[in-house]
Amino acid sequence: MRLKITESKNAKSLYVIRSTYENGKHSSQIVEKLGTYTDLLKNLNGQDPIAWAKAYIAELNKKEKAGKRDVNVSFSPTKCIEKNQQVLFNGGYLFLQAIYYALGLDSISKAISKKHKFAFDLNSILSNLLYARILFPASKLATIQIAQKFLEPPSFEIQHVYRALGIISEESDFIQSELYKNSRRTINRNTHILYYDCTNYFFEIEQESGLRQYGLSKEHRPNPIVQMGLFMDADGIPLAFNISKGNTNEQVTLTPLEQKLLNDFELSKLVVCTDAGLASNANRKFNDKKNRAFITTQSIKKLKKPLLQWALAKSGWHIPGTDGTFDITKLDTDNTLYETYKNTTFYKERWIKETDLEQRLIVTFSLKYKDYQRKIRSSQLERAMKLVQKNPQKIGKCHSNDFKRFIAKKSITPDGEIAAKNLYSIDAELILNEEMFDGYYGICTNLEDAAPSIIHTNHQRWEIEESFRIMKTEFQARPVYLSRDDRIHAHFTTCFLALTLYRLLEKFLDERFSCHKIIDGLRNLNFYKVASEGYIPTYVSDDFTDLLHEKFRFHTDRQIIPTQEMKNIFKTTKNKKTLLKN
């Protein structure tokens, strides 16, 4: 800050001003009006106003350097706000930016830029695509407008974004492998256990082309889809992904991506955990070699008769941590036992050999799971009965888990003639058949570890299912509006990277907050810009913001953050050492 003296016909005025440089332009802002020379001369009892002003400004600079200068901001109810001047900015992205740079994504972007020798700033485009996908998901065009609301607005244009998408798609494998290597400097990656699952995303465009193909939609939508396979480590951090055509059988997507992990990520000893839909015999055999193993869900209903009888038998059940076996029929007649074991997972196990593969079958039984299944079925039956009674004309085809599966249709009279109209009723036989399996769950593995350990490992699959839910809902990864295959692949690359940033943020916050709380909290981290002075936080300080500042080791929760301090925060978030693991 420095002194500025302005003279007019009637007076000489003294101001404290600050030189600024913003958006490529030099300018100066008035920090404080000290008064006219005449008035100051009177108030200072004859002391030289200019000498006093210089000493006063020197003290202000000293306090500002020490971060102790109080800021006084004045507003006038008679002045209009300036046109086309933005004063509200989002700073929630800063915490994502700290993770982005800790993972070396800037260095990865730099390496790609050096290889392809283009002029646009890939790092700026990629980082803002990720921040916007997490905080304010929108189209690529809208993302440019959203990025202008960040404290560090970028300067790229839409044509640069679309050109960057082609490069991101081409270098997707390189980005994934380098990201994994870099991440190991920031966190300990638990890659001994890997989880794999598949889902699909639908398009608004109805024509099939390239990756966009009609297939079995998990959301039962009549739109072209694309398939995404995802590997996740034991801590829920994404590891790698692949994209395939919508009509691809998901079972054939596992081994190519796993082979990439073995080659590019240099992984060797691992256990792959999947659900029943990906548990083909070929996939099991692929992970029955060398240092690899598998844990997969096994449908109890699809077991052969001798194994099914063994699995559903009421005797022979083990209780974790105890010896001997238990007969679960006692749970139906003894309330004390029921209360004692209502949160216990019983299990039985045996080795089986089918299609030249020796594996271990573990069956579990849980009262809690049984009650949950019956509660869901009760709700479905209620809906089915209402439909039969009030809107039978809406009864049509249904999928395997649809409540309409309980509705039986008869089109023939007892005499064998065609009925004049369809007769609908609740299928009691189907209900009884389903109730037989309530509480039971099957797992197959080639591991010899203790059964409770394998059961626990399999239970953690919920995190990969949650990851897909986050991408589809919070990140709004679908519907997809892109049509070119390279841009589609780039879109999911950015979704994968955004998910990685988000999951790491969860870990840094000790998993204390829900997904909604974290994203909503970051969205609300807004700041009001005071020209030449700094930024005033407009958000509500709470436990979430306190933990953010504690973990990331910088603070935005002061009454005002001076401009220079905010610049220091920018530098901190781009320092790779900010979040190095302990």
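- In this structure, a donor-acceptor pair under 3.5 Å is present between the side chains of Thr493 and Ser172.
- For an aromatic pair to be called close, the ring centres must be under 6.0 Å apart, and Phe326 with Tyr341 satisfies this.
- In this structure, the ring of Phe241 has its center no less than 6.0 angstrom from the ring center of Phe492.
- Using modelled atom types, one side-chain atom of Asn524 and one backbone atom of Asp520 make a donor-acceptor pair closer than 3.5 Å.
- In this structure, the side chains of Lys290 and Ser268 stay at 4.5 Å or more apart for every pair of heavy atoms.
- Under the 4.5 Å side-chain criterion, counting only non-hydrogen atoms from C-beta, Tyr441 is in contact with Ile443.
- At least one donor-acceptor pair under 3.5 Å links the side chain of Asn283 to the backbone N or O of Gln251.
- Cation-pi geometry between Lys472 and Tyr201 is met: the NZ or CZ atom falls under 6.0 Å from the ring centre, inside 45° of the normal.
- With 3.5 Å as the limit, one finds no donor-acceptor pair spanning the side chains of Asn247 and Glu208.
- Electrostatic pairing of Arg377 and Asp438 counts as a salt bridge here, judged by a charged N lying under 4.0 Å from a carboxylate O.
- The neighbour count for His456 NE2, taken as heavy atoms of other residues, nucleotides or ligands under 6.0 Å away, does not exceed 12.
- Within 6.0 Å of CZ on Arg383 lie no more than 12 heavy atoms contributed by other residues, nucleotides or ligands.
- A donor-acceptor distance shorter than 3.5 angstrom exists from the side chain of Arg405 to the backbone of Asn401, with no hydrogens or angles considered.
- Figure legend: cation-pi geometry between Arg189 and Tyr180 absent, as NZ or CZ is not positioned both under 6.0 Å from the six-membered ring centre and within 45° of its axis.
- Looking at Ser366, its side chain does come within 3.5 Å of a backbone N or O of Lys368 through a donor-acceptor pair.
- For the pair Lys517 (side chain) and Arg512 (backbone), a donor-acceptor distance under 3.5 Å is absent.
- Remark: side-chain polar atoms of Arg360 are paired, donor with acceptor, to backbone N or O of Leu447 under 3.5 angstrom.
- Counting only distance, with no hydrogens or angles, the side chain of Glu349 and the backbone of Ala451 share no donor-acceptor pair below 3.5 Å.
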